[in-house]
Amino acid sequence: MKPPKPLTLFRNPFKPISTLSPLSSSSSNPQSNHTQHAHIPLSKTHLYSSFFCTLIEAYLACRRFSDATRAFSSMRRLHGLNPDTDGWHRILYGFNASGYVSQVPILYSEMLNCGRTPNVFTHNVLIHAFCKLGLIGDALDLLRRVETDVVSYNTVIWGLCRGGSVESATGFLSEMLKRGVGFDAFSCNTLVHGFCRKGLVNEAQALRDMLVRGGVEPDVIGFNTLIDGYCKIGRMSVARDLFERMRREGVSPDIISYNCLIDGYCKVGDFSRAEALMDDILSAKLDTDSPEGENGCLNLEPNIVTHTSFISAYCNQKGLDEALSLYEETVKNGFLPDVVTYSSIMNGFFKNLKLVEGTAVFREMEKTAGRSVESAMFMKDMLVRGIPFDLITYTVLMDGLFKVGKADEAEDMFETLLRVGLSPNHITYSALINGLCKVGNMKGAELALLYMDEKGREGNVITYSSVINGYVKKGMLTEAIDVIGKMKERDIFPNVVTYGTIIDGLFKVGRDNLALDMYKEMVERGLEVNNYVLDILVNGLRKIGKMGEAEGLFNDTVQRGLSIDQVNYTTIMDGLFKRGKTSAALKVGHEMMENGIQPDVVAYNVFIKCLCKLGKFDEALSFLSEMKALGMTPDHATFNTMIAALCKKVKMDAMFKICDEMKSHGLYPNLITYSTIVGGLCEEGEVDKAMEVLNEMTAFGLRPNSIIHKKMLHAQARGKNADSILQMHEHLIEMGLIPDLDIYNNLVHILCTFGMISKATSVLNDILKRGMPRVCLDITTYNAILSGLSEAGLMKEANEIMNEMQEKGLDPNAVTYNILVSGHGKIGNKKDSIRLYCEMVRKGFIPMLGTYNILINDFSKVGMMIQARELFNEMHKRGVSPNSSTYDILIRGWSKLSNRAEVQRLLKEMDKNGFVPCGSTIGCISNAFARPGQRGHTRRILKSFYERKESERFLHGLFLIDTFPYTDYEAFQAL
DNA sequence: ATAGGGTTAG
């Protein structure tokens, strides 16, 4: 594990960063103390100041701010010129419009100091500047104090809407009427836009309808704003209706109307409708070009905005290559890509982890934009709705660098962005915070949050969800939950992503009940399960043994109309494979392909895992080749799966061969690979060989983990004494193992398993004496001890520990009960196992499948089949699905009682669920039912019959061929 | 006063 990276962010967070020398404050300007100015004849002062004003306007227009401020200083301090009111207005307006808004209030006071009288226009510019600076209070103050017109009010409405306060903005309409200024289409459209931006499109429409009834003229801008509003919330049919209505009402759609619709269709992936609209524009253009065709649609030509919508959507939905070829075509047709086009492409590269190409696009942009002189005009084009091109571009770049794993460079990029004078908005901060969280730098993330706060930027649900994710990934759930509290304080409501993140985290640390509470809360708040949350819940429920509930949820969600995606399919397949329901899993695979979803690397890994599990290594290998042929890159999971399977089958030579193949793919064994191999060798008792592998592993800089610790100690324990176990434990710590609660639980568990109870107790006391940080006896520790005792069959000692635990006030949890029920079950102590089973069920815990299997087996093996059947029904009732072993156990039990009918019924049910009886079950069946002297023969028939069925399922599922008809039980009947 | 690019979970 890498040590936490030093904080490079905010090495000096509060240093003023600016390349500009701000206006005003004359004392800092050496020129200002001169009483004698450069000589300008009095008759020419008007001409000169007018010239300066024009120069300043020009500089501002092309964002050469330092030149503009220098020219202003020169005019005022060097030449002592005082422009007339018109001149001051031009400067004020220029600064305000160019984006260098912070200077407007300063200029305004200087204007007053110079004896010029402000009028409505002056104040409107100032109000506008206040609004842009987020100083709504100052804007409203001014509005109260000075002469106003409709523009002043419209500006304030705009400012309020921009800050999200649409309700108070709407309130100004009545004040406008009262004051006799009246409102106009500007007021209306601004408010409509304000509502739309918050997603309140219905409210926007209602307001507009009302104002139109009150006499406001419906115009193209109002229609466009509403159309765009509907597009943005994905309600394309309503947007389209409005578009048609607009034509009917005699308002001609313009290119913006078309662009809104096109972008909307692109975003929902309806490219054919988007393209049809593009064709409409082109044919309308042809009509206008031809002398006779005049359809009223002037200036209807696609522009770079139209094309960028397509390019961007292609990037996100069709893939980078498609986007790039569209981009090339656009350029070839003479459209000049602008900053948005470039940023989209750059983003596409980074999202596809193409660092070199992404950076190259950025350099190209820099080059084009920085080519000064005449490129000044180009820079102006790069201004998009008043946002300097750099902010989003830099955000894309920074985010991209984080995504490709260049966290240091990403942080540098953030500093650069500050250095060039950009002020980050909440999205930039969110991207930064997310990046820091992803590299685990939570301190940096918290600092960035504070910094953002100080700069007056408010985080949104995405910002905080990123932080939550950061904590969740570190297992710091308490901190994650605290963030939710912080969000609620700020009226930022967790959304489905926030809930998904936290639910996932809670399941992963085993706090299942809290996870389910969160899920409940989410549903109560009216949030709907999506593909992500479905997957999180299915995985979580599966993990805690509530497979029945998982399946129920899955089916409910499908019923509700959610279309299952690739990940959902893969998870379900994996779940079914793990439960041995091979054919059901393959059916899902079939369904997935029928729905046009191609299996990806993960799905292939699931197939390969299943093949391995069934011992079909050759087929697994052919899947590996197939993956490569399809251009997919096998990953660590692919190889680790095969390695694990070969380890289990004790085919260590083949396993090492796979390791070599993995290396030939440029993939090096990771911690999972090593744990698997070490585990495999340990199972074989090859402790020395395992240690050799561990030495290789540490040479690669990997530390042993708790899995390795467990396996090594277990292997070492066989036939040895407690001291040698402790020696191995110490040795692993020397190799870099970090001793935590898990590790001590392992140690205690193993000592108990091998009956070294007193040694275990002394280790425990030792830990307590040494005061291991964060190590305290919890239910997990007790479960570890109980599990060890249980495995060793020492149930008397287990009962004593259980009593001690309860005296200390620790309540047994689901894990404890599963351990104890199984423990008593395994030694045939039916009285206690059933007593504890009843107790756990009464407390609402659901026994795991394994626990049921042990219980059923305990009754079944002594012929108590009525009780076994009762337990089997109980598990059904509680939503626990049987696996292959459950059926094997029952069939063997009934076979011993020669109950042909039960055996037939169970075989049929087993088959329906996609299971096949194992070898020993087949043995039991033939022993019970075959004619004397025919047992071996019958066993062979049965065996080949079930093997054939298994392979047919494969063929049926994987290669989609029809299974040839056979009578299910012909072999059985033939007995 | 209206259109295209950037931030979150399996």
Side-chain angles (χ1 to χ4, degrees), chain A residues 154-155 157-158 161 184-194 196 219-229 231-232 254-264 266-267 303-313 315-316 338-348 350-351 384-385 387 389 391-400 402 425-435 437-438 459-470 472-473 494-505 530-540 565 567-568 570-571 602:
Chain A
N154 284 344
T155 308
I157 288 176
W158 176 83
C161 285
D184 57 12
F186 271 69
S187 333
C188 170
N189 294 340
T190 308
L191 284 166
V192 167
H193 188 224
C196 286
D219 60 4
V220 64
I221 294 177
F223 274 112
N224 288 347
T225 308
L226 260 185
I227 288 171
D228 189 52
C231 289
K232 290 259 154 62
D254 59 9
I255 185 62
I256 295 181
S257 329
Y258 275 96
N259 283 347
C260 292
L261 281 178
I262 286 175
D263 190 63
C266 282
K267 288 248 159 65
N303 55 22
I304 189 63
V305 176
T306 329
H307 292 290
T308 304
S309 281
F310 279 104
I311 292 171
S312 167
C315 254
N316 293 324
D338 66 6
V339 59
V340 179
T341 324
Y342 277 129
S343 297
S344 306
I345 294 288
M346 185 169 91
N347 190 40
F350 277 114
K351 291 286 140 72
V384 181
R385 293 183 312 284
I387 303 167
F389 87 103
L391 184 59
I392 295 185
T393 315
Y394 275 107
T395 306
V396 171
L397 183 61
M398 180 188 71
D399 179 59
F402 271 123
N425 63 13
H426 69 286
I427 298 182
T428 313
Y429 281 113
S430 297
L432 170 69
I433 288 166
N434 181 47
C437 288
K438 283 275 161 66
N460 62 9
V461 63
I462 297 179
T463 326
Y464 289 101
S465 298
S466 299
V467 177
I468 289 173
N469 185 43
V472 161
K473 289 285 130 67
N495 64 12
V496 60
V497 178
T498 326
Y499 279 109
T501 309
I502 205 110
I503 291 171
D504 192 38
N530 63 11
N531 293 106
Y532 279 84
V533 177
L534 175 63
D535 208 56
I536 288 166
L537 289 166
V538 167
N539 275 322
D565 71 8
V567 179
N568 296 144
T570 310
T571 303
V602 183

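Letters A, B, ... are given to chains in the order of the sequence lines, protein chains preceding strands, and every chain is numbered from 1.
- Heavy atoms of A/Asn425 sit under 4.0 angstrom from at least one base atom.
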* **From CA spacing to verdict: side-chain hydrogen bond (donor to acceptor under 3.5 Å, both in side chains), A/Asp338, A/Thr341** => CA-CA 5 Å; A/Asp338 66 6; A/Thr341 324; 3.0 Å; yes
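- The residue A/Val567 sits close to a base: some heavy atom pair falls under 4.0 Å.
- The base of B/dT7 lies close enough to the side chain of A/Ser430 for a donor and an acceptor atom to sit less than 3.5 Å apart.
- Residue A/Asn434 places its side chain closer to B/dT7 than to any other of B/dG10, B/dG5, B/dT7.
- Contact of A/Ser343 with B/dG5 (side chain to base): a donor-acceptor pair of N or O atoms is detected under 3.5 Å.
- Among the heavy atoms of the strands, none lies under 4.0 Å from A/Leu537.
- Using a 4.0 Å heavy-atom criterion, one finds that A/Asn303 contacts the bases of the nucleic acid, with or without backbone contacts as well.
- Residue A/Asn539 is out of contact with every strand shown, counting any heavy-atom pair closer than 4.0 Å.
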* Determine, stepwise, if the pair A/Val533 / A/Asn530 fulfils side chain to side chain contact (heavy atoms under 4.5 Å, CB included). => CA-CA 5 Å; A/Val533 177; A/Asn530 63 11; 3.4 Å; yes
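- Base engagement by A/Ser465 is indicated by at least one non-hydrogen atom pair under 4.0 Å involving a base atom.
- Note on A/Thr571: nothing from the nucleic acid sits closer than 4.0 angstrom, heavy atoms only.
- A/Ile536 comes within contact range of the sugar-phosphate backbone alone, with a heavy-atom separation under 4.0 Å but no base atom that close.
- Among the atoms of the strands shown, none is found under 4.0 Å from any heavy atom of A/Ser257.
- Side-chain N/O atoms of A/Lys438 include one lying less than 4.0 angstrom from OP1 or OP2 on B/dA9.
- Between the side chain of A/Thr393 and the base of B/dG5, a donor-acceptor pair under 3.5 Å is found.
- Distance A/Asn224 CG to B/dA3 P: 9 Å, rounded to the nearest Å.
- Relative to the side chain of A/Asn530, the nucleotides B/dA9, B/dA1, B/dG5 differ in distance, and B/dA9 lies closest.
- Contacts of A/Thr308 with the nucleic acid, taken as non-hydrogen atoms under 4.0 Å apart, include base atoms.
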